[in-house]
Structures are given as C-alpha cells and as structure tokens.
Amino acid sequence: MADKVLTVCPYCGSGCQLHLLVDEGQVIGSEPAGGRTNEGTLCLKGHYGWDFLNDPQILTARLRKPLIRKNGVMEEVEWEEAIQYTAERLSAIKEKYGPDSIMGTGSARGPGNEANYVMQKFMRAVIGTNNIDHCARVCHGPSVAGLTYSLGDGAMSNSIPEIEHSDLLFVFGYNAPETHPIVARRIVAAKQRGAKIIVCDPRMTETGRISDMWLPLKGGSNMALVNAFGHVLVHEGLYDKRYVEANTEGFAEYVESIKKYTPEYAEGITGVKAADIRAAIREYAKAPTATILYGMGVCQFSQAVDVVKGLASLALLTGNLGKPNVGIGPVRGQNNVQGSCDMGALPNVYPGYQDVTDSAVRKKFEKAWGVELPRKKGYPLTEVPHLILKENKLKAYYIFGEDPVQSDPNAAELREALDQLEFVVVQDIFMNKTALHADVILPSTSWGEHDGVYSSADRGFQRIRKAVEPQGDVKPDWAIISEVATAMGYPMSYANTEEIWDEMRSLCPLFAGASYQKMEEQGGVQWPCPTEDHPGTPYLYKGNQFSTPSGKGRLFACEWRPPQEQPDEKFPLVLSTVREVGHYSVRTMTGNCRALRQLSDEPGFIQISPEDGADLNILDGEIVAISSRRGRIMARAQISDRVLQGATYMTYHWWVGACNELTADFLDPVSKTPELKYCAIRLERIVDQAQAERDVHESYQRIRKQMNVQEAVLADKVTR
C-alpha cells in the first residue's frame, strides 16, 4: 500500500493541498487533500502533474550532476569544483567591476520561501547588491506597486474561499478556468448561490460564458474603461459618500481626472457600449458585497500599475474593503510568486516588504546578517538586456529557478545579452533554453524532494514536504547557495528549512507569528500574523485601517495611454500571450508528465477569429508563419469564435511556437513589467503544409537533442 505525503501543489497560486502517493521510493500518483482553498478537489495538473519527478525524459532531462563549460562544452564535475569555480568567478567580477555588476534571481516555482530568503540574503550580504528580482516582474509586479500605493499591501485583500460568498464578482482580464481551475470552481459556486458575474475581457472566456455581462473591450484600453466606471460612480452619485470621506484621500483630484471619461467618450476608445459601461458599474455599486478579480489581462501592459490603482479605487469608492467577501484579488499565477515577493526577492524591499532605502530597516538587517548592506535599490529583471547590451553595466547573472529565454519578451535580444556576459550561472532541476547559455549549471532538488513553505495567492503560508529521495548528485537550492556564500568568505550554514524560516520571521513583523508549528496545527497561516498567539488574517483592512502612510486608501485616476506598439499595414494583427490549462510556465515540468503531454504538443496554437482566418485563407489546424518586428515562428492555427477580429492569442509554453520570439519589451514605467498582452504581428498561410509539418518536427527534435534527451525519446513523433 502506498504511503501518503501531504504537500501543496506546485503549479499555481491557488495553494491546493494534496497527498503524493509513494511506493518503493517513487511517486505513483496524487490525491486531493482537504486544504483551505481546494477542500478535497484538484485540477488536471494537481491530479497528473507529479510525473516529472520520475524523470521520464519526454521533453528534457533532469539535471543530475554539476556542469562547467570547458572549451565551449559542458562537462560534468564534482560539487567541490563547481562551488569553488562559481565562487571564484563571482568574486573576481565583484572585485573588478563592483557588486552592482552582478544580477541574481529568485524563483517563484518549486524551491520554496526558504530558498528565496537565502538567495536574496546571498545577493545583499555576500555580493553586496540589491540586484535581486524574479518572475513577478513579468506578471504581478504591477499588483505589488499599485496595491501598495492604494491600500498599503501588494496582495489579495480577500481570501480564495470568500469568492463564492460574494454577491458580485467583477472579473477583469482574468481567465480562471485556464489559470486557476480551483478558483474557477469558486466562481461557479458563487454563480450557483445567486451572485452576478461581470467579465471585462477582449476574448470570450469560460467565465464570460456564464457571466451576466461580458464587456469585450479592445486590448490595451483598460485605463479608459476603469476611468469610465469611476465617472459613473461619481457623477451618478453611486459611490459611498460616508466611506469615501472617512476612509480615503485624493477624492477631489480623482474627480478631476475622470471628468472627461464619460461612457460615451470611453466607448470610442474601448469599443464597449456606453449603456453597457453604465449597466455594469451600477450592478457593482449596488451589490451588498462585491469582489474584483484580475490577472495578466491587467498586469501585462505598459500602463498596468495605473490600472491596478484604478481598480483599487473602484473598491474604495464603493466601500468594498475591510470586511468578509469583498475586496480586490490579484490572483497570482505561479505557485510561489507571492512567496518570492514575501521573501524579498525584489530589488526594492527586504523580506516582509521592508524598504531597502529605510535606514532603520537596513540597520536591523545589517545587525542580523553581520555585514554592511547596499543603500540603493537594485535593477529589475526586465531591464537586464538593456543593462548588458546598451549600458554595459552587468557582467554576471546568477539565474535561480527561472528560464527567461522562454518566459521573457524579445527572446532573441535576451539570448544576445546572455552571450555577452562574462559569467552565467543557472541553478535548476531541468535543462532549459536559458541553461544552454550557462557557464555553470548547478542541479537542485525538486518539489517533492525537499521541505519548505509556499505562499498561496491569498497570503497563505503552507508547508511543502519531502516525499521521495532525489536521484543523482543534486542538492537543495538553499544548501547550494549557502555553499557558494561560504566559499566566497561569508559563512552561511543552516541545519534545515525551519531554521531558515525562523531567522526570516524574526526580521519580519508581518510574518513573525507564522511558525512551522502553527502551520501544522492550522493547516496554514495567512499573513499578517504578527505574534505567536495570532491566528492569521483571512482578509485585510479590518476596521478600514489601511497600511498606507496616512492609514487611508488612496484614490487614483490618470489619462489613458495606448499600447506602445500599434498594428500597421505590415503587421496588421495584435498578439496577446495567454496560458493553457494543461501546461505550466516554461513546460519543463508539465511537458515531462505523460498524461499532460497528451493534451497538446509542439508547435502550440495561435487562436484567430473566423473572419481573419477567412481573409487569409487559413484553415483550422494548419501550420502558419507568424512574424513581428523581433522574430518569426510557426504555430498551428486554431480558428475560434471566442476571438475578436484583428486579435490573436498564443500560449507561451512552446519551444517551436515560442511566442516570446515575437513579443515586445516595452515596460510599465513604475513596475517595469513588459507589455506581453499587446504587440503587432503578421500571419501568413504556408502553402506546403507537408513541408511545414516536417520543419516543425525537425526543429522540435533539434531542440530536444540540445537538451540531452535520450535517443529513444527523440524517435517519438510530434503529437498533432
């Protein structure tokens, strides 16, 4: 009979608890557990996403031994050599160019909070720079910046279970059934309880199909629509005057900013009918409880922070904060993107969101870590290519649990930047596209092979547990980083993850009471949890006490700005990146799960409207060529009536159909988040489909061979 090990799913921010079934040292299955957010249910990835632990080498191979590039070829070495070489090269670059010439990442995926804490400590205390960032920069960075400004905390104000008890759900740029299926169940449950659902999205999503109102706004017009909502609330007197007067600031400036954004004016920008704008916000305003849920359709634009502030203002105007079943929910994408932010894997804050420029905070960390710390903010991850190619400021990059060549925009420029660096370290569990550019590869244990803590999207700390022994000569991420630190002259040693966790919470008032013991007893702890006797906080701002400097919520509106790249005669269509329900992130995990691989494979799909398909004489399922000002790829056409004419959608999981070869690196000026939801492309029909299929197959095999996949696997044909 198989043993059961309780842990947390590694795939999205829902934080679902599950049991891994272990027989003779191997994971053979999973079962749902009774976690706070999933309550005995799991999605597709939760049920079948464990198989990569067994290293089936379907897509790419697990890293089993440290590697160093020697004479242009990666060679296996012992750990002592790998650690010493990494330490010596980093030390030499620090000595020659200064600590700010080195960049590091955290990891929002499997390593857990403790490894992220150790990594940011390494960059700050050992390297001597605040150049630490992670993939929140390309997703919910605007949530951290925008919500911190408006409310004081850059996280969900409410809890996932509360969603189904809200009277109205305002879903903006968020497709829960594909990104967070368990959250989608909460939305369906709310509908069954009688809640109204309003969806703002250019594409007809699954949530849109069950909604009471769908507002199909044009891509990139978010700010204009949010301003129009605010205009109606103010000018029709629908806002909560007492609440606004008592609990907010900036009302007069807000009114002035939204003055011209009548629904009629906004209709000309958004394409949403003025009557529908009025009808939607009237429903929101009159609901006894209302919750805003948003995702990448808000965050991955060059005006994302403004829109987040604008959405928070709608909640403030209607008093939908500070009590159960209301609020604003940025539903985090990757499983521990909230946790990586919590742990300070960001260039401007220490763990617990404590400002690196605050001298009192800095002195506290200096005393704890025994070293003088840098005083200025670090570089954001999305500026790395520019800092290398244009400014020549970065010389080394320590990439921990990230694959930016696959996940970040303008992939060709990023590859060029990596190749120009003097030293690249990749620390991961699988070979990936970024690792092809590494000078050193450090193999780590995976989820299921180590202990730790994840943070769910609704601020919930939960334990992850080791289920099986790792195979190969690999080490936990926190142990690898500690050994490099020690070799660089800063002794760093921990007995286990709990020791790391206790050090972290001793420095973070927000998390001080969230002990391992409390997580065991309660099943999880939602921060803030300031003391040992505090149970945690299901919803924020009780009593309408906001975490802003004044204690009041800050209202905000500003002028709408169009996306920075517009379609033209040469590139007439708009591309937006999206996700697929059966795959995750850069696909090294889910692509190595047998069941999930059967759902879809290379080269991925591009969704296009029936009208555009007809105009271009493209049939459903055909291979097509897609190009932008940055690159050219192939993918399979998917004709869909969910898509408006002129818009296209691609998932970013694929190697051959890698949409980030096309995307632009225009950034939000505050969060530095790229505009992944809007770039101009051209779509072309390929006449010789047989040759196109061969080209896809050959390209796929070539990449897989680079990843050292076994020849037997290489013989597999591409799944149609």
Side-chain angles (χ1 to χ4, degrees), residues 8 13 15 36-37 106-108 111-121 124-125 132 134 136 140 143-144 147-148 151-160 330 332 335-346 348-356 358 360-369 373 451-464 478 494 496-542 545-547:
V8 179
R36 174 180 59 83
T37 58
S107 176
N113 282 338
E114 294 84 350
N116 278 282
Y117 173 82
V118 170
M119 184 61 181
Q120 62 82 36
K121 180 180 177 180
R124 291 179 163 121
I132 175 73
H134 73 288
H140 272 287
S143 295
V144 177
L147 293 181
T148 299
L151 308 175
D153 297 285
M156 287 183 73
S157 69
N158 49 329
S159 299
I160 288 171
R332 296 286 191 139
N335 61 299
N336 201 40
V337 69
Q338 181 66 56
S340 303
C341 293
D342 293 345
M343 294 301 106
L346 295 168
N348 62 325
V349 290
Y350 294 114
Y353 303 96
Q354 300 172 84
D355 196 329
V356 298
D358 185 314
V361 169
R362 185 171 59 251
K363 287 176 182 177
K364 176 177 67 172
F365 280 91
E366 286 178 339
K367 182 179 179 181
W369 294 346
L373 295 172
D451 297 317
V453 173
Y454 287 165
S455 300
S456 59
D458 60 353
R459 300 168 283 103
F461 294 137
Q462 298 181 102
R463 288 292 314 281
I464 57 170
W478 59 265
Y494 298 98
N496 51 47
T497 55
E498 186 173 12
E499 189 175 314
I500 301 169
W501 185 256
D502 287 344
E503 177 182 311
M504 179 280 301
R505 65 191 184 96
S506 74
L507 294 165
C508 299
L510 274 178
F511 313 145
S515 65
Y516 268 32
Q517 181 180 346
K518 188 178 293 183
M519 285 182 240
E520 293 283 356
E521 293 170 352
Q522 297 182 182
V525 180
Q526 288 176 272
W527 64 260
C529 182
T531 61
E532 294 288 348
D533 60 354
H534 194 288
T537 308
Y539 62 89
L540 299 176
Y541 317 123
K542 187 175 182 179
Q545 293 297 307
F546 296 97
S547 306

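- Nearest approach of Met343 to Phe511, heavy atoms of both residues: CE-CE1, 4.1 Å.
- Residues Lys518 and Cys529 approach most closely at NZ-SG, 3.4 Å, considering heavy atoms.
- Heavy atoms of other residues, nucleotides or ligands lying less than 6.0 angstrom from NZ of Lys364 number more than 12.
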Exercise. Given the rule in the side-chain contact (heavy atoms from CB on, under 4.5 Å) test, do Cys508 and Tyr353 qualify, once you have shown the distances and angles that lead to the verdict?
Worked result: CA-CA 8 Å; Cys508 299; Tyr353 303 96; over 6 Å; no
For this session: Could you give me the CA-CA distance, side-chain angles and deciding distance for Val144 and Val349, then say whether side-chain contact (heavy atoms from CB on, under 4.5 Å) is met?
Result: CA-CA 11 Å; Val144 177; Val349 290; over 6 Å; no
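- A donor-acceptor distance shorter than 3.5 angstrom exists from the side chain of Thr537 to the backbone of Pro528, with no hydrogens or angles considered.
- Proximity of a side-chain donor or acceptor of Asp458 to a complementary backbone N or O of Ile160 within less than 3.5 Å is detected.
- Here the side chain of Ser340 pairs no donor or acceptor atom with the backbone of Ala345 at under 3.5 angstrom.
- Within a 6.0 Å radius of CD in Gln517, other residues, nucleotides and ligands contribute 12 heavy atoms or fewer.
- The minimum heavy-atom distance linking Phe365 with Leu373 is given by the pair CB-CD1, 3.6 Å.
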Problem set entry | Derivation of the salt bridge (charged side-chain N to carboxylate O under 4.0 Å, His left out) call for Asp153 and Arg459 | CA-CA 11 Å; Asp153 297 285; Arg459 300 168 283 103; over 6 Å; no
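- Between the side chains of Glu114 and Tyr494, no donor-acceptor pair is found at a separation under 3.5 Å.
- Of all heavy-atom pairs spanning Trp527 and Asp342, the tightest one is NE1-OD2, 3.1 Å.
- Note: Arg332 CZ to Ser143 OG = 6.0 Å, rounded to the nearest 0.5 Å.
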Exercise. Run the side-chain contact (heavy atoms from CB on, under 4.5 Å) check on Asn113 and Met504 step by step: do they pass?
Worked result: CA-CA 10 Å; Asn113 282 338; Met504 179 280 301; over 6 Å; no
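- Within the 3.5 Å criterion, the main-chain N or O of Ala514 finds a donor-acceptor partner in the side chain of Trp501.
- In this structure, Arg362 fails the cation-pi test against Tyr350, since its NZ or CZ atom is not both closer than 6.0 Å to the six-membered ring centre and inside 45 degrees of the ring normal.
- Formation of a donor-acceptor pair under 3.5 Å by the Gln522 side chain with backbone atoms of Met519 is not found in this model.
- Of all the heavy atoms in Ser515 and Glu532, the pair that sits closest is OG-OE1, 4.1 Å.
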Exercise. His134 and Val337: side-chain contact (heavy atoms from CB on, under 4.5 Å), yes or no, with the steps?
Worked result: CA-CA 8 Å; His134 73 288; Val337 69; 3.9 Å; yes
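- The closest side-chain donor-acceptor pair between Asp451 and Thr497, if any, does not fall under 3.5 angstrom.
- Of all heavy-atom pairs between Gln354 and Pro509, the closest is OE1-CD, 3.9 Å.
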